[in-house]
Structure formats: structure tokens, C-alpha cells
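Structure first, then comments.
Throughout, numbering of the chain's residues begins at 1 and tracks the sequence.
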Amino acid sequence: MCGIALIVSAIRITSSSLTSPPPATEKLSFSVDDVKEALRRRGPDSLGVKKVSLQRSVLGRNHISSSFIAAGDEGHGFCSQGNDDNGECTAQLHFIGATLQLRGSNPLVQPLVDASGNVLVYNGEIFGGLDIASDCNDAEFLLQTLGRCCSCGYCATAQCARSGKSTVPDVLSTIKGPWAIIYWQDSSRTLWFGRDAFGRRSLLVHWPTQDDSTFLLSSVSPIFPTEQTSEYETHNGLSCPSYWEELPCGIYSLDVDGSKSNGHMAGELKLHEYTNSMLKELIKWERTSIEPNSEDLQIYKCKFFNRETQYAFCFLRGSSTQSTIPVPAHVLLNALHESVLRRTSMYTIYQAAISSTKEENFVPVAILFSGGLDSMILAALLDQCLDQSYQIDLLNVSFDGQFAPDRISAKAGLKELKRVAPSRRWRLVEIDSELSDLVFETSHVMSLINPANTYMDLNIGIALWLAAGGDGWVSGANIDDNDDENPARAKYKSSARILLVGSGADEQCAGYGRHRTSYSRGSWLGLHEEMKLDMQRIWKRNLGRDDRCIADNGKEARFPFLDEDVIRVLLNFPLWEIANLDQPSGIGDKRILREVAALLGLNEAAILPKRAIQFGSRIARESNRKNFGSNRAANQASAGSVRIDKRSNYS
């Protein structure tokens, strides 16, 4: 994983891809050092900067030349002038990369530069699509692969008609896994950047405006200069639109041309389509079978969830437990198993991290763990995929000590995991906090969730940030499996650098209350449209924010439910096999995942109702009391969607 950024100065950007010109935003000024400091926490292993200087003589575009500034001479600011002392048009591109190394056999520092002058900063994982060796670092491999791409600048398809080479969009569309990228193709003077189709890695953008010509990309926002934002509010009397926005998922190019603008270089911004046909179908998120016919309904109604036996079955006498669970659940279980395996195979763990730690103490993977349905499924599957010699940390956050619903379900979940996987060393890490104690931390998380700015975003962000830090307590029952009654706790901090997160399960399997509302109003089609909306906006509402909060601890979030093959498998099932919202909560919602849990032997977890982290950890309750006086007042004000006032109690 990597924190990546780019600062571009003295290039005037035009675009037909942007539907409307960017609005005026906060007039802020970030230096290279500001951005480096913001990225450093994401990539504690190494930090690098490369500055590319572009120069054009008066002879025009064909005489643009690029040069690199030596390491250590990058400077502390960035140039905004259009011409140097010799009258040449100049532009500067600062590439910044902070690396958390999780793959490869040798240490690596980003940005990467090849012999042709191409520059890459890459925050992602290649889990499939491209044939990468097990001991290879994916950023190094990607730089080599992109270096073989066509650079003619005219390609609009997967393969260049002139050279027969692959194109940059084709290579990026082929990757299975999360990614955000910034790539300078020197031969064509083209800057490429973008995010994967689901936005599983954060990339923020500040588009140039009439008042601010700087173009910036960054995994995370630097801390806002307080005096600058205060000046804006004093002058205008109100807060302005955020300086940053989430970069919409896609592949973008900026073709730099020195001949179209007097005194400046110009850049034409283009948005490219993904070229992979399967990926295009996943983006559309269309399901073939949405509404059941009369025969489907008859079969559908004969299936129900029995709380006593705790698995789904039809009225088939003599059927075994496995055979009574519908076929789709078996197919989904296999897809989820492969997804977890891809994300936790030991070749994806940087070997130097293993050798520097005593093997018995090395914890390669942890789980953000509430004890609910999704995290229990991930824990059981991780046990199947990870060598038995490794401990698995279960990270659980609470703002109400042992009384928070998520703490209670986490302890019950630990007991069930010990039952189904008794040979595994499980460790429940109890991360306790009080909102009133988190003054500095709250301010820090507010910068991480930016441009999100509601109390709900902040509550979720704080809970995720604390959980990912892994700094908590383990009880005597965790230390000694035979001493379940021992209440003693010891301080413990998880060293796992990879965290499995259940994001995407609710969106794809009808886990939210709004899905039930849509079903009651518009039946199956209404449910499908609401689920589709959730999946097509998950990059903006959830994943960018979550990635920034988790990665700030030097940890990488991996999302098994958002694996391309898992998404495809779920879309291939009829909607009525996914959920039965005629049944109560905890039975009909996410029905197919409840059947998967039953297949894994997680009978108690299979009937747990959905509970969001802000409610299960009790941070929403504490936030409501602090900022609105009471839960009742907060509910009347629809507190979750209320934007944070800088003068609030959070300040």
C-alpha cells in the first residue's frame, strides 16, 4: 500500500470530460512538505519525492523536454510561474509516495522511475488479471507493464491499431483488486491517473479554478491551515465548498501541450472507459432476475429460516444440513473463500516483515470485528486460508466498555469461533475509548474524512481509526483458552498490517433498513434500484473515507466482499435468492450470507441482526449527547446527516 500524491503547477487544464467547471473553493496553499507529512502515516516504510520539470522553447510542443530533480533537491514549495529566466515555458510535477510495503522480496521506495523516464506512484494490489510472480512487487511489475504500452496518444481502444501494443486503460482495466494510480508517460508527455471501478482506494482531487490554477491529487488531505480557512470565513461570512473532492472512479489522462497557450503549457483532460467487458457489466450492476414469477414465488415461499435449527431449508424429509441449504449459498461460499485466500496468501506479505519478527509473535492479518454476521464469516474463512501457526487478531472498539452491543456480540462470536476452529489462536483485542478524551484525535480524524463532513462520517471515521490502530486490551480468557472466567486484562497492540473489512456486504445483500423500506414501497424492482444506487455510490459515501481512516495507522484495508468475482457471483443470482424482506430483520435480510454462515457452522452468528459500527460501538450515542444534548434531540435533528459546524463541541 502507498500514500500517493501529485502537485502540478503552471499547466492550464481544459476538459470536455468535466460536465461543469469546478466551483470556487477554499483558497488554500499546500507545500510539498505538507503533503509529505500527511502521507507519511500511511506509508511508514519509505517516503520519496520526484520532481519532473517540463520546459518548452518558443519552437513549440515538439521541443518539450523533461528533467528530474535529484533526491533531496525537491524544494519545500512548488513553482507557479509560467516562464523561466530564459523565456521558456516551464511546468513542474511533484510526485510523492509513502510506502507500506506488503509485497516483494526487496525494499522499495516510490515514486518509481524507469529507464525511459516514466514515473509511477501506485497504491494498490494486483490480486488477478495480470500474471504477476509470487515474489514480485506489484508496483514494480506495473511500471514494467505500463512501460510497454502504446504512447501514440490516439488510442481509444484496448489495443493500439498502429503498433498492436496494449494501452494504459487496457492494462488498468485488467487488474483485479483495489488501486489508485498516478503515472507519467514521458514519451507521449501524458499524465495518467485514476481509481479502480469501485473506489476501494482513496484518491482526492483539487481541480484548478480561476482563482487557483494548482492541480493536486492526494490519497489524503493535509491538515488545513487554520488561519487560511479562518480568513475565508471572515471575508465571506460562511464556509465555502471543500478544497478537495473524491475523484470519481475512472481512468483519466492529461495530455500536455506546449503550443496552445501563450506563456503557459496546456493540458487536455480526458476520461477513458474501462476496456474490460466483464468490468463494464459489474459497473452497470444489472441483475437478470429481479422479480420472481409465480413458480419462483412458490419455491421461494417454501424456503424459510428456522431460528431453532438456525439454517435455511425446504420441506424435504431426510435431507442433511448441507443439502438443505440452497445451491447459491455454496457457490457464494466458494467465491468468498477464494477472495479471502487471494487477500491473505503469504506471498502478499512482505517477507522482510516476517523475518524481523519472531514467528510465534508475527500476526499477518487482523479483522475489524463486531461479532456480527459479516465479520464472523470473514474470521471463519480466514481460519481456513491462513496457516494454523499464525494468530488472528479480532479488533473490537467500544465507547461503552463491556456494555456496548458490539462488545457483547464480539465476545459471543469469539466463543463460537473457538468452537468451530479450536486449534486456532484467536485474540480479541478490546479497544476502549471515551469520546470526551479524544480532542486531538477527533480533530485529526476530521482531516482524514475530508471532504466528508457529517457527524455520521466523523463517528464512523473515529471508530474505524481507533479499531485499525489495534491498541487495546486482551483479557485472561484470550491469553489462556482454559481460563474463561479470568477477568484480568493485559495491554496489547496488534502488529497486523493487513485488515479484513466487511464493506460491501450490506450493499449487495440488502442489509440496510432503507432496503426494506424500498422493498415495501416498490417491491422487488424498488429493492434492486436501491441496492444498485448503493453500489454505484459506495466509492463516494464509504470507501474513500474508510480507506483514509484505516490507512492512517499504517494498515491496509482489504475488502473480500468487494472482490470482482464475488460481485459477479452475487449478480448472477436471482434477487429473491439474496434476501427475503418479507421475513423479520435477522432472518430475511442478507439471507444468502446467513446461509453461508450456516455452512461454516456459525449458527449463532447466522441469526444476528444488522448493526452499524457507530451504533454497535455506542459512539453515535455519545456523540448525540455531546453535540445535541440527548439521543432524542439528535434524532429529531436527523443528526447523522447534519454537517459539522467548526464551532461545535467537536472543535
Side-chain angles (χ1 to χ4, degrees), residues 2-14 29-37 39 46-98 109-122 139 143 146-147 151 153 168 181-193 205-208 212-218 222 252-269:
C2 190
I4 64 177
L6 170 73
I7 302 174
V8 178
S9 58
I11 296 179
R12 289 185 173 175
I13 298 175
T14 60
S29 176
F30 293 116
S31 70
V32 172
D33 284 343
D34 292 332
V35 179
K36 286 166 61 177
E37 188 61 30
L39 297 181
S46 65
L47 178 69
V49 180
K50 288 287 188 298
K51 183 169 76 172
V52 178
S53 180
L54 302 178
Q55 295 183 330
R56 176 188 66 84
S57 70
V58 294
L59 295 177
R61 173 192 172 108
N62 293 334
H63 289 77
I64 290 179
S65 63
S66 60
S67 60
F68 293 93
I69 305 299
D73 295 330
E74 303 91 349
H76 298 287
F78 54 90
C79 175
S80 60
Q81 303 299 319
N83 298 85
D84 66 11
D85 293 337
N86 297 319
E88 294 181 325
C89 179
T90 63
Q92 293 180 351
L93 294 81
H94 283 87
F95 295 84
I96 309 170
V109 179
Q110 294 201 50
L112 302 180
V113 182
D114 66 14
S116 300
N118 303 314
V119 186
L120 174 69
V121 281
Y122 179 68
L143 180 64
L146 291 172
S151 60
V168 172
I181 189 173
I182 306 170
Y183 175 65
W184 171 253
Q185 190 178 47
D186 193 64
S187 59
S188 66
R189 301 294 188 266
T190 302
L191 178 71
W192 296 90
F193 59 95
V205 60
H206 170 69
W207 300 111
D212 182 2
S213 62
T214 306
F215 172 53
L216 291 97
L217 296 164
S218 181
Y252 301 80
S253 68
L254 184 67
D255 184 29
V256 179
D257 188 340
S259 64
K260 294 182 179 179
S261 181
N262 294 329
H264 289 82
M265 290 189 186
E268 173 65 21
L269 181 66

On a heavy-atom basis, which atom in [X] and which in [Y] lie closest, and how many Å separate them?
{"X": "Ala91", "Y": "Met265", "answer": "CB-SD, 4.1 Å"}
{"X": "Ala139", "Y": "Gln110", "answer": "CB-NE2, 3.9 Å"}
{"X": "His206", "Y": "Thr214", "answer": "CD2-O, 3.2 Å"}
{"X": "Pro208", "Y": "Ser213", "answer": "CB-O, 3.6 Å"}

Would you give the length of the straight line joining atom [atom1] of [X] to atom [atom2] of [Y], rounded to the nearest 0.5 angstrom?
{"X": "Ser9", "Y": "Leu93", "atom1": "OG", "atom2": "CG", "answer": "7.5 Å"}
{"X": "Phe215", "Y": "Leu254", "atom1": "CZ", "atom2": "CG", "answer": "6.5 Å"}
{"X": "Ile182", "Y": "Phe193", "atom1": "CD1", "atom2": "CZ", "answer": "8.5 Å"}
{"X": "Gln185", "Y": "Asn118", "atom1": "CD", "atom2": "CG", "answer": "6.5 Å"}
{"X": "Leu112", "Y": "Leu143", "atom1": "CG", "atom2": "CG", "answer": "5.5 Å"}
{"X": "Asp186", "Y": "Asp114", "atom1": "CG", "atom2": "CG", "answer": "8.5 Å"}

Is any side-chain heavy atom of [Y] closer than 4.5 Å to one of [X]?
{"X": "Leu47", "Y": "Lys36", "value": "yes"}
{"X": "Phe95", "Y": "Lys51", "value": "no"}
{"X": "Trp184", "Y": "Leu6", "value": "no"}

Next on the checklist: Consider side chain to side chain contact (heavy atoms under 4.5 Å, CB included). Of Val168, Leu146, Leu217, which one does Ile181 pass it with?
Outcome noted: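 Considering Val168, Leu146, Leu217, a side chain to side chain contact (heavy atoms under 4.5 Å, CB included) with Ile181 is found only for Leu146.
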Next on the checklist: Using the rule given for side-chain hydrogen bond (donor to acceptor under 3.5 Å, both in side chains), can you reason through Thr90 versus Gln55, listing the C-alpha separation, both sets of side-chain angles and the distance that settles it, and then say yes or no?
Outcome noted: CA-CA 5 Å; Thr90 63; Gln55 295 183 330; over 6 Å; no
Item to check | Residue of the set Ser187, Ser188, Ser116 for which side-chain hydrogen bond (donor to acceptor under 3.5 Å, both in side chains) holds with Ser151 | outcome: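 Looking at Ser187, Ser188, Ser116, the match for Ser151 under the side-chain hydrogen bond (donor to acceptor under 3.5 Å, both in side chains) is Ser187.
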Item to check | For Ala5, side-chain contact (heavy atoms from CB on, under 4.5 Å) partners two or more places apart | outcome: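 Result, side-chain contact (heavy atoms from CB on, under 4.5 Å) vs Ala5: Val35, Leu39, Ile96, Ser218.
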Item to check | Any donor-acceptor pair under 3.5 Å from Asp255 side chain to Thr190 backbone | outcome: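 Here the side-chain-to-backbone pair does not exist.
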Checklist entry - Do Tyr252 and Trp192 have ring centroids that are under 6.0 Å from one another? => result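 No, ring centres 6.0 Å or more apart.
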